[in-house]
Trainee: 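First the structure, then my questions, so here it is.
Within every chain, numbering begins at 1; the chains are lettered A, B, ... in the order of the sequence lines, protein sequences first and strands thereafter.
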Amino acid sequence: MADYSKDEIKRIEDKWRKEWKTRGVYKVENHSDKPKYYVLDMFPYPSGAGLHVGHPLGYIASDIVSRYKRLKGFHVLHPMGFDAFGLPAEQYAIQTGQHPAVTTEKNIATYIEQLNKIGFSFDWDRKVETSDPSYYKWTQWIFMQLFNSWYTKKPVGKTEPIITLIAELEKNGNKNIDAVCDDDTPTITAADWKSFNEKAKEEFLQKYRIAYRSDTMVNWCPALGTVLSNDEVKDGVSERGGYPVERKKMWQWSMRITAYAERLLKGLDTIDWPEPVKEMQRNWIGKSVGCELDFKVEKQEGTIRVFTTRIDTIYGVTFMVLAPEHELVSKITTAEQKAEVESYVTIAKNRSERERMSEVKRISGAFTGAYVTNPFNGAKIPVWIADYVLAGYGTGAVMAVPSSDTRDYAFAKHFSLPIIDVLEGPTSDITKDNFDPKSGKMINSDSLNGLDWKEAIEVALQKVESLGIGIRKVNFRMRDAIFGRQRYWGEPFPVYYENGIPKLVDIKDLPVTLPEVDAYKPTESGEPPLARAKGWDYKGNQFEQTTMPGWAGSSWYWFRYMDPENEKEFASKEAVNYWKDVDLYIGGSEHATGHLLYSRFWCKALKDLGYVNSEEPFKKLINQGHIQGVSKFIYRLRTNSKLKKDVFISFNIAKRLSKGELSLYDKKVIKEQYPDLELDGKLITNQNVLDDSSFDGTLITYSQFNVDIDLYDETQGLNFELLKKRKPDFANSIFITDEDGKYICGSEVEKMSKSKYNVVNPDEIVDNYGADTLRVYEMFLGPLEMSKPWNTSGIDGVFKFLRRFWNLFHDQQGNVAVTDAEPSREELKVLHKTLKKIEYDIEHFSFNTSVSEFMICCNELSSMKCNKRAVLEPLTIALSSFAPHITEELWQLLGHKDSILNSTYPKWSEEYLTESSFEYPISINGKVRAKMNFALDMPKEDVEKLVLASEVVQKWSEGKPPKKVIVVQGRIVNVVL
RNA sequence: GCCCGGGUGGUGGAAUUGGUAGACACGCAGGACUUAAAAUCCUGUGAUCGCAAGGUUGUACGGGUUCAAGUCCCGUCCUGGGUACCA
């Protein structure tokens with residue numbers, strides 16, 4: 001009756017979606033006598049573009065594992081929710097005036113509908129949304145716990161309630177306190193503490209709180225009156241509008257994640273994560289052991305403190321380098337160097353950290369005119385500033401040893417500074433990347449001479465300590481995490497200000513909900529959007545006006561799934577004790593150092609405070625690769641002055657422009673848009689524009705921007721008229737086409753993402769082939785962990801496989817035709833071989849190979865014309881994790897009333913797999929080196945050949961080696977005598 | 001720049017982790033069925049020489065270790081992700 005046709009697929013999938021919902025098969029309780037298994041996906045940000053084909057990749061994998069584990073007898077929690085705060089909704093709100101909550105709700109509805117179409121086994125009763133006040137109430141609550149906490153190092157590192165700190169300050173001051181706190185924390189007595197007024201007390205406590213306020217660097221765009229992410233800054237100007245951006249200090253909330261650095265590092269050894277992710281976290285935390293020491297400034301008061309891991313090389317110091325932002329720069333600079341230093345500082349200030357680091361090959365710096373004294377030998381050392389030294393790391397100052405550091409070496413060469421060898425061996429390799437200053441004995445180093453570098457470090461350290469000029473210090477590259485954003489669409493802080501003192505709102509006033517505002521952009525004076533809220537105050541006091549960052553809500557959400565409705569706690573003790581931690585977490589590797597680190601941090605803090613009982617939140621992690629999309633780019637011309645209209649040039653012109661080979665046509669059309677430009681003059685590229693002092697506005701370059709891929713057609717070029725209609729930003733822009741009138745876009749393969757306008761929607765595939773085909777196809781595409789561009793060319797093969805599987809159960813007329821006959825040994829061998837491989841593959845997250853195994857099995861059974869229940873039933877159960885709809889239907893056709901979800905995963909047996917064979921051991925020099933397997937039905941001459949070969953080997957052991965004996969998988973395949 | 005991945009036929013990818021490279025699938029070519037098309041089934045398919053048997057070559061590039069290298073080591077190139085306010 002029924003063929004596996006488009007209509008039939010639709011009927012089957014709709015039917016079972018409804019059935020599963022009414023039967024409530026995915027509902028999960030917080031108790032069971034089965035072992036628990038918690039499978040978590042990284043929840044999506046609900047973007048306006050809807051779910052794209054990259055999202056389901058990980059979700060399908062986790063759904064397969066969930067269903068598999070359930071069939072294997074586990075009590076499985078597999079929830080889904082939405083990371084709903086974020087920039088895109090806010091930007092859309094700024095443009096349209098639409099409240100981000102409205103957009104977000106709409107997007108979430110779309111996502112849920114799309115997700116449901118794919119047949120996931122989520123328990124939707126446990127859905128969480130980070131932007132829902134009933135959720136962010138608890139995000140705010142956790143913030144309050146962290147505000148009310150400090151981190152003591154004694155007796156063991158632990159988060160403690162702040163009241164214990166206050167009690168100790170009252171009693172003894174902070175002389176006995178060993179805590180993680182601000183570097184500039186002074187030592188005070190109990191009397192000092194008591195003499196502080198309320199404000200001074202709070203300022204002092206801020207140096208200890210886990211959540212605290214600090215002065216941090218941000219990208220400030222005066223024209224837009226807002227803070228920009230590094231992402232939003234392109235080539236030194238804002239991505240939107242092309243306005244200049246500068247670095248600026250701003251008071252912001254921060255999280256003292258550095259307190260947990262050591263634990264975050266050690267914890268990595270206890271969890272089953274991909275080694276590269278662990279490695280990235282280790283590098284991010286960046287522990288380095290060394291010391292800080294002071295250099296006295298000559299002819300002036302004061303010292304400069306540097307951090308070094310190589311104190312042994314102290315005699316090789318020939319200059320010192322400060323970060324341009326270092327606070328002493330203006331103080332120590334001599335009059336004659338002032339102009340040079342100031343101009344250098346200005347340039348450096350306006351370059352982002354990433355830019356500065358990515359251009360280390362371009363050496364730059366300025367001499368301050370000041371000198372310091374080497375405390376070991378009294379040598380006079382010039383002090384320079386250079387942007388390869390970062391203000392945020394260590395002390396913002398380094399002692400430069402050009403003979404043992406590549407960057408110092410390059411700097412010394414460039415500015416002709418002296419170089420003193422302090423380690424034996426050639427330094428000619430120093431410019432090479434593999435240069436290793438960790439060998440040889442010390443030379444030219446006075447008392448350190450002849451020591452190994454490791455011994456020298458210890459000797460030098462003791463000297464530093466005995467002279468009282470410095471201390472041993474463990475430094476972490478990781479900085480405290482900034483926890484505030486100058487945006488509207490985020491969690492408001494449960495904080496208000498009374499006489500300038502930050503205070504927490506009363507716990508019963510949670511949640512502090514987002515107020516209504518007349519617009520979602522910053523105020524005219526550059527204050528955050530929340531400053532626009534009228535009548536929004538706490539008992540007459542001003543609320544904190546920044547909001548929490550995107551990672552706030554995602555740093556604890558896995559706990560909320562355990563008990564999502566709870567109004568009294570973020571999750572009940574029983575729920576937390578039952579589910580404990582996540583057994584399997586699947587998500588993209590792009591979160592390696594962001595979300596995954598913050599989540600571990602909050603988990604540890606919550607554990608210390610006694611709210612949860614797991615030190616690590618995610619026991620096992622799998623990184624799914626990205627499904628990539630092909631992005632299209634447009635190219636905006638750029639000069640150093642702001643133009644009235646944006647001008648975009650076609651890819652071909654951009655290519656010629658960057659090579660400085662503009663054609664007559666190019667010059668003519670660009671000149672029409674820029675009448676003042678002298679285009680026959682020197683053309684320069686993005687690379688050297690900042691360097692060139694002759695840059696006077698006549699020189700132009702360009703920046704590239706993503707554009708919606710659906711606006712581009714390979715033959716027609718870009719439909720920029722539609723683009724202008726769709727995006728008001730582009731309404732007045734000019735598009736310069738090639739001579740044939742087409743605007744050609746450049747393209748690149750990159751991560752599929754709304755912000756890159758390159759998303760492909762899965763709905764079309766579900767409509768044409770069904771959800772099961774989409775699921776199996778996404779798994780068949782390749783290994784889960786690997787990134788791959790999206791293409792649908794192979795999808796027919798997967799569809800055909802499902803149809804062939806369906807046909808195994810049906811006769812030519814489409815009637816169900818399954819017999820209860822005994823299967824043959826041959827059929828059982830196919831079945832058990834497949835079951836064994838599939839199980840191995842699923843346990844190893846190798847879903848692409850399991851799909852292949854299913855296909856092979858299906859082909860073999862087809863050619864055997866096997867329609868026996870004893871074979872087909874177990875296979876149906878095994879396949880149900882991958883393709884739930886079709887298997888559920890077949891399960892019913894086989895006469896089962898209950899859902900296939902409640903059946904048991906089939907066991908395979910070795911009995912049907914073993915070959916009849918015997919083993920023949922081959923020993924060489926008395927050791928068994930290989931075993932030969934002879935199938936009983938092996939041709940006689942083959943056996944003879946192999947036995948002969950083995951005899952050769954026997955002889956070899958007696959001292960007559962053959963030229964060559966090649967053993968493959970325990971078999972001798974070739975012998976050369 | 002720095003940190004972490006990846007590079008195998010026309011295409012997506014297999015390869016028991018050092019043991020006969022290219023499983024499975026797409027595509028393509030040829031054939032069967034059909035009045036015809038679709039669907040389905042069968043055969044072939046890395047390159048190269050050959051009618052064939054078979055030979056040679058072949059896992060980005062250049063070296064190395066090994067009886068044996070897609071796999072391990074060194075170097076180079078290309079490419080993806082992250083780089084602290086995209087999430």
Side-chain angles (χ1 to χ4, degrees), chain A residues 3 42-45 47 83 85-88 216 218-219 226-233 252 257 274-284 286 353-362 388 392 407 433-434 477-487 490 549-551 553-554 588-595 597-598 623 625-626 628 748-751 753-756 777 780-783 785-789 791-798 800-801 803-804 807 837 840 846 848-849 851-856 859 862-863 962-971 973-974 976:
Chain A
D3 191 20
M42 288 184 186
F43 58 169
Y45 171 77
S47 87
D83 192 8
F85 278 128
L87 214 43
T216 43
V218 294
N219 301 311
T226 186
V227 173
L228 299 175
S229 67
N230 284 337
D231 230 42
E232 295 170 295
V233 182
Q252 301 232 63
I257 188 172
E275 202 47 52
V277 177
K278 292 192 192 180
E279 196 56 28
M280 273 193 270
Q281 292 211 347
R282 284 190 196 105
N283 289 330
W284 183 263
E353 219 164 274
R354 204 187 300 178
E355 268 180 317
R356 280 165 57 172
M357 285 190 293
S358 62
E359 289 169 19
V360 291
K361 283 195 174 152
R362 226 178 58 203
Y388 78 90
R407 285 164 312 176
D433 289 342
N434 59 347
R477 200 183 72 92
M478 182 168 69
R479 306 196 289 261
D480 278 345
I482 297 170
F483 197 69
R485 303 192 316 174
Q486 327 288 307
R487 313 274 188 191
W551 56 271
S554 59
S589 61
E590 72 270 27
H591 298 283
T593 50
H595 161 65
L597 203 56
Y598 298 134
N623 282 132
H626 306 107
Q628 294 160 324
E748 243 170 65
V749 171
E750 51 184 3
K751 188 169 108 176
S753 149
K754 167 89 195 307
S755 63
K756 300 185 192 302
Y777 181 61
F780 183 66
L781 260 180
E785 292 96 333
M786 205 121 75
S787 292
K788 52 235 153 190
N791 89 72
T792 53
S793 63
I795 200 160
D796 276 329
V798 168
K800 279 189 217 163
F801 152 67
R803 185 166 57 195
R804 209 182 289 194
N807 288 340
K837 285 188 170 166
Y840 180 89
S846 178
N848 55 328
T849 50
V851 174
S852 292
E853 289 306 328
F854 273 122
M855 287 179 174
I856 294 167
N859 287 345
S862 286
S863 61
K963 276 193 188 134
K964 221 177 194 181
V965 180
I966 297 165
V967 182
V968 176
Q969 289 171 1
R971 290 169 187 238
V973 292
N974 194 10
V976 183

Trainee: Nearest 0.5 angstrom please: A:Tyr45 OH to A:Leu87 CG, how far?
Mentor: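 A:Tyr45 OH to A:Leu87 CG: 7.5 Å, rounded to 0.5 Å.
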Trainee: What interatomic distance, in whole Å, is found between P of B:U79 and the corresponding atom of B:G27?
Mentor: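 Per the computed distance, 30 Å lies between those P atoms.
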Trainee: Let's test this: given Watson-Crick or G-U wobble pairing with both distances under 3.5 Å, identify the partner of B:C77.
Mentor: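 Checking every strand shown, B:C77 finds its partner in B:G7, with both distances under 3.5 Å.
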Trainee: Please determine if a side-chain N or O atom of A:Arg803 lies less than 4.0 Å away from the OP1 or OP2 oxygen of B:C41.
Mentor: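 False: A:Arg803 side-chain N/O out of range (4.0 Å or more) of B:C41 OP1/OP2.
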Trainee: Once you round it to whole Å, what is the distance between P of B:C4 and NZ of A:Lys278?
Mentor: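 My rounded result for the distance is 15 Å.
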Trainee: Donor-acceptor check, side chain of A:Gln281 to backbone of A:Ala592, threshold 3.5 angstrom: yes or no?
Mentor: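 Checking the backbone N and O of A:Ala592 against the side chain of A:Gln281, a donor-acceptor pair under 3.5 Å is found.
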Trainee: Could you tell me how far apart A:Lys837 (NZ) and B:A15 (C1') are, to the nearest whole angstrom?
Mentor: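 Nearest whole value for this atom pair: 12 Å.
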Trainee: Can you tell me the base-pairing partner of B:C28? Count Watson-Crick or G-U wobble geometry only, both distances below 3.5 Å, and say none if there is no partner.
Mentor: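 Pair assignment: B:C28 / B:G44.
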Trainee: Using the side-chain contact (heavy atoms from CB on, under 4.5 Å) rule, take A:Phe780 and A:Met855 through it: C-alpha gap first, then chi angles, then the decisive distance, then the call.
Mentor: CA-CA 11 Å; A:Phe780 183 66; A:Met855 287 179 174; 4.1 Å; yes
Trainee: Among the nucleotides B:C86, B:G12, B:A14, which one has an atom lying closest to any side-chain atom of A:Asn791?
Mentor: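 Selected nucleotide (nearest to the side chain): B:G12.
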Trainee: Check the angle between the aromatic planes of A:Trp551 and A:Tyr598 and answer parallel, tilted or perpendicular using the 30° and 60° thresholds.
Mentor: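 Judged by the thresholds at 30° and 60°, the geometry between A:Trp551 and A:Tyr598 is parallel.
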Trainee: If you restrict it to nitrogen or oxygen atoms, what contacts under 3.5 Å exist between nucleotides 79-82 of chain B and the protein, and what is each distance?
Mentor:
residue	atom	partner	partner atom	Å
B:G80	OP1	A:Val749	O	3.4
B:G80	O2'	A:Gln628	NE2	2.9
B:G81	OP1	A:Lys751	N	2.8
B:G82	OP1	A:Lys751	NZ	3.0
B:G82	O2'	A:Thr593	OG1	3.2

Trainee: What nucleic acid atoms does A:Gly484 come within less than 4.0 Å of, heavy atoms only: base, sugar-phosphate, or nothing?
Mentor: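 Base: the residue A:Gly484, judged by heavy atoms under 4.0 Å, touches a nucleobase.
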Trainee: What residues form a salt bridge (charged side-chain N to carboxylate O under 4.0 Å, His left out) with A:Glu279, not counting sequence neighbours?
Mentor: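 A:Glu279: salt bridge (charged side-chain N to carboxylate O under 4.0 Å, His left out) contacts with A:Arg282.
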Trainee: Stepwise, does the side-chain contact (heavy atoms from CB on, under 4.5 Å) test hold for A:His626 with A:Ser589?
Mentor: CA-CA 9 Å; A:His626 306 107; A:Ser589 61; 4.1 Å; yes
Trainee: Measuring only the P atom in each nucleotide, how far is B:G18 from B:U71? A whole number of Å is fine.
Mentor: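 That atom pair is separated by 11 Å.
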Trainee: Mind checking the C1' distance from B:A21 to B:G75? Whole angstroms is fine.
Mentor: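 26 Å, rounded to whole Å.
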Trainee: Answer syn or anti for B:G9, where the cut-off is 90° from 0 on the glycosidic torsion.
Mentor: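 B:G9: syn glycosidic orientation.
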Trainee: Mark yes or no for whether A:Arg477, through its side chain, and A:Asn283, through its backbone, hold a donor-acceptor pair below 3.5 Å.
Mentor: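 Judged by distance alone, yes, a pair lies under 3.5 Å.
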Trainee: Output the rounded distance in Å from CG (A:Asp480) to C1' (B:A84).
Mentor: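 In whole Å, B:A84 C1' and A:Asp480 CG are 12 Å from each other.
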Trainee: I need the minimum non-hydrogen distance between A:Asp83 and A:Ser554, along with the two atoms involved.
Mentor: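 A:Asp83 and A:Ser554 have their closest heavy atoms at OD2-CB, 4.1 Å.
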Trainee: What heavy-atom pair brings A:Gln486 and A:Gln252 nearest, and what distance separates the two atoms?
Mentor: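 The answer is NE2-OE1, 3.1 Å.
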Trainee: I want to verify the glycosidic state of B:U17; is it syn or anti under the 90° rule?
Mentor: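 Judged by the O4'-C1' to base torsion, B:U17 sits in syn, the angle falling within 90° of 0.
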Trainee: Which nucleotide, in any strand shown, forms a Watson-Crick or G-U wobble pair with B:U17, with both distances under 3.5 Å?
Mentor: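 The answer is none; no pair meets the criterion.
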Trainee: Heavy atoms under 4.0 Å, any strand shown: does A:Pro276 hit a base, just sugar-phosphate, or nothing?
Mentor: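 Touches sugar-phosphate only.
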Trainee: Mind checking the C1' distance from B:A84 to B:G46? Whole angstroms is fine.
Mentor: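 Between the two C1' atoms, the distance is 47 Å.
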Trainee: What's A:Lys788 touching, base or sugar-phosphate or nothing? Going by heavy atoms closer than 4.0 Å.
Mentor: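 Contact class for A:Lys788: sugar-phosphate only.
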Trainee: Taking the P atom in each of B:U17 and B:A52, what is the distance between them to the nearest angstrom?
Mentor: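 Their P atoms lie roughly 38 Å apart.
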Trainee: Heavy atoms only: give me the nearest A:Met42-A:Gly588 pair and the separation to one decimal.
Mentor: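 Scanning both residues completely, I find the closest heavy atoms to be SD-N, 3.7 Å.
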Trainee: Under 3.5 Å, which protein N or O atoms sit close to an N or O of nucleotides 22-26 of chain B? Give each pair with its distance.
Mentor:
residue	atom	partner	partner atom	Å
B:A25	OP1	A:Asn859	ND2	2.8
B:C26	OP1	A:Lys800	NZ	3.3
B:C26	O2'	A:Ser793	O	2.6

Trainee: Determine, step by step, whether A:Leu597 and A:Met478 satisfy the side-chain contact (heavy atoms from CB on, under 4.5 Å) criterion, reporting the C-alpha distance in whole Å, the side-chain angles of both residues, the deciding distance to 0.1 Å, and the verdict.
Mentor: CA-CA 11 Å; A:Leu597 203 56; A:Met478 182 168 69; 4.0 Å; yes
Trainee: Under 4.0 Å, counting only non-hydrogen atoms across every strand here, what does A:Arg487 touch: a base, just sugar-phosphate, or nothing?
Mentor: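 Base: the residue A:Arg487, judged by heavy atoms under 4.0 Å, touches a nucleobase.
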Trainee: Which whole-number value in Å describes the distance from A:Glu785 CD to B:G5 P?
Mentor: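 Taking atom P of B:G5 as the reference, CD of A:Glu785 is at 13 Å.
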Trainee: Across all strands, who's sitting opposite B:G22 as a Watson-Crick or G-U wobble pair, both distances under 3.5 Å?
Mentor: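 By the stated definition (distances under 3.5 Å), nothing pairs with B:G22.
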Trainee: Using whole Å, report how far CD1 of A:Ile257 lies from P of B:C85.
Mentor: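 Result: 11 Å.
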Trainee: Does B:C2 pair with anything, Watson-Crick or G-U wobble, both distances under 3.5 Å, and if so, with which nucleotide?
Mentor: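 Checking every strand shown, B:C2 finds its partner in B:G82, with both distances under 3.5 Å.
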Trainee: To the nearest 0.5 Å, tell me how far A:Glu853 CD sits from A:Asn848 CG.
Mentor: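 Separation between the atoms: 10.5 Å.
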Trainee: Any side-chain N or O of A:Arg477 less than 4.0 Å from the OP1 or OP2 oxygen of B:A84?
Mentor: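 The answer is no; no side-chain N or O of A:Arg477 sits under 4.0 Å from OP1 or OP2.
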Trainee: Considering only the C1' atoms, how many Å lie between B:G22 and B:A15, rounded to the nearest integer?
Mentor: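 Each nucleotide's C1' atom is 8 Å from the other's.
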Trainee: Reading RNA chain B from 5' onward, which residue's closest nucleotide shows up sooner: A:Met478 or A:Val277?
Mentor: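 The 5'-side residue here is A:Val277.
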Trainee: Which whole-number value in Å describes the distance from A:Glu279 CD to B:C3 C1'?
Mentor: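 These atoms are roughly 9 Å apart.
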Trainee: With heavy atoms under 4.0 Å as the rule, sort A:Pro44 into base, sugar-phosphate or nothing.
Mentor: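 Since no nucleic acid heavy atom lies under 4.0 Å of A:Pro44, the category is nothing.
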Trainee: Classify the side chain of A:Gln252 versus the base of B:C85 as yes if they form a donor-acceptor pair under 3.5 Å and no if they do not.
Mentor: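 Per atom types, the contact qualifies.
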Trainee: Rounding to an integer number of angstrom, what distance separates B:G54 and B:U59 when you compare their C1' atoms?
Mentor: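 After rounding to an integer number of Å, I get 24 Å for this pair.
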Trainee: For B:C51, which nucleotide in any strand shown is its Watson-Crick or wobble partner with both distances under 3.5 Å?
Mentor: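 With both distances under 3.5 Å required, B:C51 matches none.
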Trainee: Could you tell me how far B:G63 sits from B:C77 if I compare only their C1' atoms? Round to whole Å.
Mentor: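 It comes out at 15 Å once rounded to the nearest Å.
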